[in-house]
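Here the structure is a predicted model, which means the values were calculated and not measured.
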There are 2 protein chains.
Amino acid sequence: MRVVRTEMRARRTPDLTVPQFRALAFVRRHRGASLSEAADHIGLTPPSMSKLMDGLVARGLVTREGHARDRRRVTLALTRRGRGTLRAASAATRAQLAARLAALPSAERATVAAAMRALRAVFAPDPAGGGAASE
Amino acid sequence: MRVVRTEMRARRTPDLTVPQFRALAFVRRHRGASLSEAADHIGLTPPSMSKLMDGLVARGLVTREGHARDRRRVTLALTRRGRGTLRAASAATRAQLAARLAALPSAERATVAAAMRALRAVFAPDPAGGGAASE
DNA sequence: AGTTAACTATTAGATAAGCTAACTATAACC
DNA sequence: GGTTATAGTTAGCTTATCTAATAGTTAACT
């Protein structure tokens with residue numbers, strides 16, 4: 001995963017930091033989620049998530065609106081631009097990782113995939129982030 | 001690796017951040033290294049490494065002395081306390097990871113180990129960090 | 001109904017990690 | 001000996017985190 005981060009940092013295409021990427025991915029997967037929900041799932045405190053969202057809202061990637069019934073809450077969603085940015089970042093990262101992994105013989109790629117499944121079972125991270133690691 | 005980081009953060013025993021841990025590990029492995037060497041190996045710019053070392057020197061974990069022949073350079077070394085702190089952090093992290101991995105059947109642990117070897121070959125990280133992952 | 005308790009989000013203020021640009025001091029080169 | 005390159009630091013910026021404190025809302029319980 002260190003390498004994943006490194007690759008993501010190298011990919012300057014849409015210029016998202018790792019926490020920004022994670023937050024966008026969470027919002028994509030949970031449209032209309034609240035700030036606390038995002039903080040919980042990603043493992044940040046609410047103030048941290050609040051500030052993170054400040055930046056994403058300021059960049060026009062996320063909308064933050066008041067909840068209809070519970071006026072304490074906030075409703076998060078991706079903008080069209082947010083979806084595009086996330087998709088581009090995801091594709092770029094995936095491509096770079098795939099390029100690295102392509103250097104492995106396919107038997108070893110299979111071993112890596114099996115290890116990932118085993119580790120996911122033990123650490124049970126949110127299936128959002130690492131899902132669909134087909135290549 | 002994300003999980004490694006999380007575990008390390010959770011381990012509050014000697015209270016080292018991940019970059020601090022990495023810097024200490026580098027200095028342990030390369031006694032008398034210069035600042036630039038440390039920055040290069042860890043993948044930071046010299047100013048970042050300089051500031052990181054500021055903190056470690058202030059905490060009495062690292063010594064930073066002038067080089068005998070080349071007075072531009074700086075010579076880094078661990079103090080006794082630095083060695084102890086690093087050892088404690090390393091042991092705590094390792095123990096927590098081992099506890100998690102112990103939940104896996106041994107065949108799957110072997111798969112994980114094989115995957116790590118394969119990935120190391122592709123990404124070729126500094127052998128200092130991930131070495132000796134026996135358990 | 002009215003007060004208290006719980007919850008949601010933000011602000012304030014701190015530390016740490018990073019970067020680039022600019023500077024200082026020293027060594028190397030010709 | 002004067003120019004060029006190298007090593008490290010300082011200055012100033014952004015982002016990521018945290019805890020503590022605050023404000024506004026809703027729920028809960030007399």
When the distance from [atom1] of [X] to [atom2] of [N] is rounded to whole Å, what number comes out?
| X | N | atom1 | atom2 | result |
| --- | --- | --- | --- | --- |
| B/Leu52 | C/dC19 | CG | C1' | 14 Å |
| B/Gln20 | C/dT15 | CD | P | 14 Å |
| B/Leu44 | D/dA7 | CG | P | 17 Å |
| B/Leu16 | C/dA16 | CG | C1' | 13 Å |
| A/Ile42 | D/dA16 | CD1 | P | 11 Å |
| B/Leu76 | D/dT9 | CG | C1' | 14 Å |
| B/Leu56 | C/dT15 | CG | P | 16 Å |
| B/Asp15 | C/dT15 | CG | P | 14 Å |

Using atom names, set out every protein N or O paired with an N or O of nucleotides 9-11 of chain C below 3.5 Å, distance rounded to 0.1 Å.
residue	atom	partner	partner atom	Å
C/dA9	OP1	A/Leu35	N	3.3
C/dA9	OP1	A/Val74	N	2.8
C/dA9	OP2	A/Ser36	N	2.8
C/dA9	OP2	A/Ser36	OG	2.6
C/dT10	OP1	A/Arg64	NH1	3.3
C/dT10	OP2	A/Ser50	OG	2.8
C/dT10	O5'	A/Ser50	OG	3.3

Checklist outcome for this item: Checking A/Leu44, A/Ile42, A/Val57, A/Val62 against A/Leu52 for side chain to side chain contact (heavy atoms under 4.5 Å, CB included), the one that qualifies is A/Leu44
Checklist outcome for this item: Assign each of A/Gly43 and A/Arg69 the nucleotide of DNA chain D bearing its closest heavy atom; nearer the 5' end lies the nucleotide of A/Gly43
Checklist entry - Taking only residues two or more places apart in sequence, or in another chain, which ones meet A/Arg81 in a salt bridge (Lys or Arg N to Asp or Glu O under 4.0 Å)? => result none
Checklist entry - Under the 3.5 angstrom rule, does the side chain of B/Arg31 hit a backbone N or O of B/Ala77 as a donor-acceptor pair? => result no
Item to check | Qualifying salt bridge (charged side-chain N to carboxylate O under 4.0 Å, His left out) pairs, either residue in residues 33-56 of chain A, two or more places apart | outcome: A/Glu37-A/Arg73, A/Asp54-A/Arg64
Next on the checklist: I'd like to know whether B/Glu108 forms a side-chain hydrogen bond (donor to acceptor under 3.5 Å, both in side chains) with B/Thr111, so could you lay out the CA-CA distance, the side-chain angles of the two residues, the decisive distance to 0.1 Å, and finally the verdict.
Outcome noted: CA-CA 5 Å; B/Glu108 298 201 343; B/Thr111 298; over 6 Å; no
Item to check | Closest listed nucleotide, where the reference is the side chain of B/Ser48 and the choices are D/dT15, C/dT26, C/dG18 | outcome: C/dG18
Checklist entry - Does B/Arg71 place a side-chain N or O at less than 4.0 Å from the phosphate oxygens OP1/OP2 of C/dA25? => result no
Next on the checklist: Measuring to OP1 and OP2 of C/dA17, would you say a side-chain N or O of B/Thr17 lies under 4.0 angstrom away?
Outcome noted: yes
Checklist entry - Taking atom types as modelled and ignoring hydrogens, do the side chains of B/Thr93 and B/Gln96 form a donor-acceptor contact shorter than 3.5 angstrom? => result no
Checklist entry - Can you tell if the side chain of A/Thr63 reaches within under 4.5 Å of the side chain of A/Leu76, non-hydrogen atoms only? => result no
